[in-house]
Amino acid sequence: MPHSRKKSILDEPVRKSPPGKYKLDELNADRIAKHLVMFQPDEKTLAEVIAKARFSIPGIAKMEEVFKVARYQPACMMAVARRSRFDPKVPVAEGLIAVLPLNVLGLKILALGAFDATKPDLRLLAKPGERPAGIYLWCVYLPGSLAAGMALLMERLSSDQNTGVNIYARPVTEDGKRFSQVLGFTQGVTIDGIEAADVWIFSRKSAPPLYDSYVPDLGKDVIGITIARTFDDLMRVAAIRNSVYIGEQECPYSEEYDGNDFAAVHLLAYIGDEPVGCLRLRFFADFAKFERMAIRKEYRKSRAAIQLARAGFKFCQKKGYRRVYGHIQERLVGFWSRFGFRVRENTRRFAFSDFEYVEIVADIERDPDAVTLDADPYLVIRPEGRWHIPGILEKSSARAATKTMAAKKR
């Protein structure tokens, strides 16, 4: 199915906007999710939305070919609908995004110009659960305001299996080309030494984990998270908590600094290069605990709190935990429920530092690449939260082991 779409809300901006104005990896999925919903369609729903798409997409694949791919890789098909009209009991697809996860051979065939999008060969697709070599935008049918559903696609493709995998397209209409350009695609690519002038690419570097995403001087509005590793970092955490808890909530100093800060991991949020928020994590036998979330007053309309919470979950998942626990003021139940927290059954209500609290708990999926006893010994000794890059001790392994206790005794 060629990459095309019906007239959308991006039609006019596309003609006037610079390339990449709505870059795929910068779209706000949280904001879009308030208005749109993405779901996996059954075959009946899929057939209905494909029938609609045929009016605006030239050369769309036959239904049996679409079903063939959907049965092999159900996650390839993503239906989109307006949330205000969506009934989960009787879901109706208003739009559709279909992708093909290509394996190495499939990507090479695409570059050679021999890939038949009307009859995809399943041998050219990555197997279910397998990391693809490239993701091909097979069909984009997003009429009207549904065009914003591309943000939900990128959220789907942020899984460990797909992160960092480049996205490819072959737009066949002028609208499709403008749509691709405004989303940050560039025309022309070289794959394994093969030049493909008609293939468009959206390059995706392997993103660092959210809990290690702060990069100095990246931009004044960019939110980044890091782990407090230095004394200066801990001073930044203390400054934020002093402002919020001691300054605003009038918590006594001796109660705010409760003896647990040197037995915890602290996440520190930045907007640009300004520290704006923090979250304390502590770890027990079968659960992790969120504590001391604080956002400076002047930054509470930003997404820093959301990013901090997400980073905390990602960190706990990487540690191998499946349950997160916390104590919150009841007025914040709504905020934390968006991340899967629920008030604990038979919760105990209690008070400290002059505020009442309830218990909350969330069940999470363990990261498939969680750090375990069977992990590479070098990975285990990397700096906390930087298990994705080699550490200083790992680099020292280039030197031969010349110092032994036996030699020292002699």
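Nothing here was measured: the structure is a model prediction, and the numbers come from that model.
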> Considering all heavy atoms of both residues, which atom of Val358 and which atom of Arg349 are nearest to each other, and what is their separation?
CG1-NH1, 3.2 Å
> Determine whether a donor-acceptor pair (N or O, by modelled atom type, separation under 3.5 Å) exists between the side chain of Ser180 and the backbone of Gly176.
yes
> Any ion pair linking Asp286 and Arg323 (charged N to carboxylate O, less than 4.0 Å)?
no
> Between Asp363 and Arg342, is the closest basic N to carboxylate O distance under 4.0 Å?
yes
> What is the minimum heavy-atom distance between Leu308 and Gly277, and which atoms define it?
CD1-C, 3.7 Å
> Please identify which of these residues, Phe284, Phe287, Phe283, Phe313, meets the ring-ring contact (aromatic ring centres under 6.0 Å, His included) condition with Tyr321.
Phe283
> For Trp387, which residues count as a ring pair (Phe, Tyr, Trp, His ring centres under 6.0 Å) partner, sequence neighbours excluded?
Phe315
> Strictly below 4.0 Å, N to O, side chains only: are Arg331 and Glu356 in salt-bridge contact?
no
> Please determine whether a side-chain nitrogen of the Lys or Arg among Arg241 and Glu256 lies less than 4.0 Å from a carboxylate oxygen of the Asp or Glu.
yes
> Decide, yes or no, whether a salt bridge links Asp258 with Arg280 under the criterion of side-chain N to carboxylate O below 4.0 Å.
yes
> Begin with the C-alpha distance, continue with both residues' side-chain angles, and end with the deciding distance and a verdict on ring-ring contact (aromatic ring centres under 6.0 Å, His included) for Phe341 and Trp336.
CA-CA 6 Å; Phe341 272 110; Trp336 286 106; 5.5 Å; yes
> Can you measure from NZ (Lys177) to CZ (Phe185) and round to the nearest 0.5 angstrom?
14.5 Å
> Between Asp121 and Arg123, is there a side-chain N and carboxylate O pair less than 4.0 Å apart?
yes
> Walk me through whether Tyr257 and Asn242 qualify under side-chain hydrogen bond (donor to acceptor under 3.5 Å, both in side chains).
CA-CA 10 Å; Tyr257 296 98; Asn242 290 345; 2.6 Å; yes
> Begin from the C-alpha positions of Thr347 and Val361 and carry the test side-chain contact (heavy atoms from CB on, under 4.5 Å) through to its verdict.
CA-CA 10 Å; Thr347 184; Val361 65; over 6 Å; no
> After noting the C-alpha distance and the side-chain angles of Tyr245 and Phe355, does the key distance pass the ring-ring contact (aromatic ring centres under 6.0 Å, His included) rule?
CA-CA 11 Å; Tyr245 290 114; Phe355 286 91; 8.9 Å; no
> For Ile328 and Phe290, what are the C-alpha separation, side-chain angles and deciding distance, and is it a side-chain contact (heavy atoms from CB on, under 4.5 Å)?
CA-CA 10 Å; Ile328 63 166; Phe290 277 23; over 6 Å; no
> Just do the side-chain contact (heavy atoms from CB on, under 4.5 Å) check on Arg236 and Asp232 with the steps written out, would you?
CA-CA 6 Å; Arg236 294 179 179 100; Asp232 281 347; 3.6 Å; yes
> Restricting to pairs with a member in residues 185-199, which pass side chain to side chain donor-acceptor pair (under 3.5 Å), not counting sequence neighbours?
Lys108-Asp192
> CG/Leu218 to CD1/Ile223 distance, rounded to the nearest 0.5 angstrom?
12.0 Å
> I need the Arg83 CZ to Lys34 NZ distance, nearest 0.5 Å.
11.0 Å
> What residue pairs, at least two apart or across chains, pass salt bridge (charged side-chain N to carboxylate O under 4.0 Å, His left out) with a residue in residues 58-67?
Glu65-Lys68
> Ignoring hydrogens, what is the shortest heavy-atom contact between Asn162 and Leu157? Give both atom names and the distance.
CB-O, 3.4 Å
> Could you report the tightest heavy-atom contact between Gly272 and Tyr270, atom names first, then the distance?
O-CB, 3.6 Å
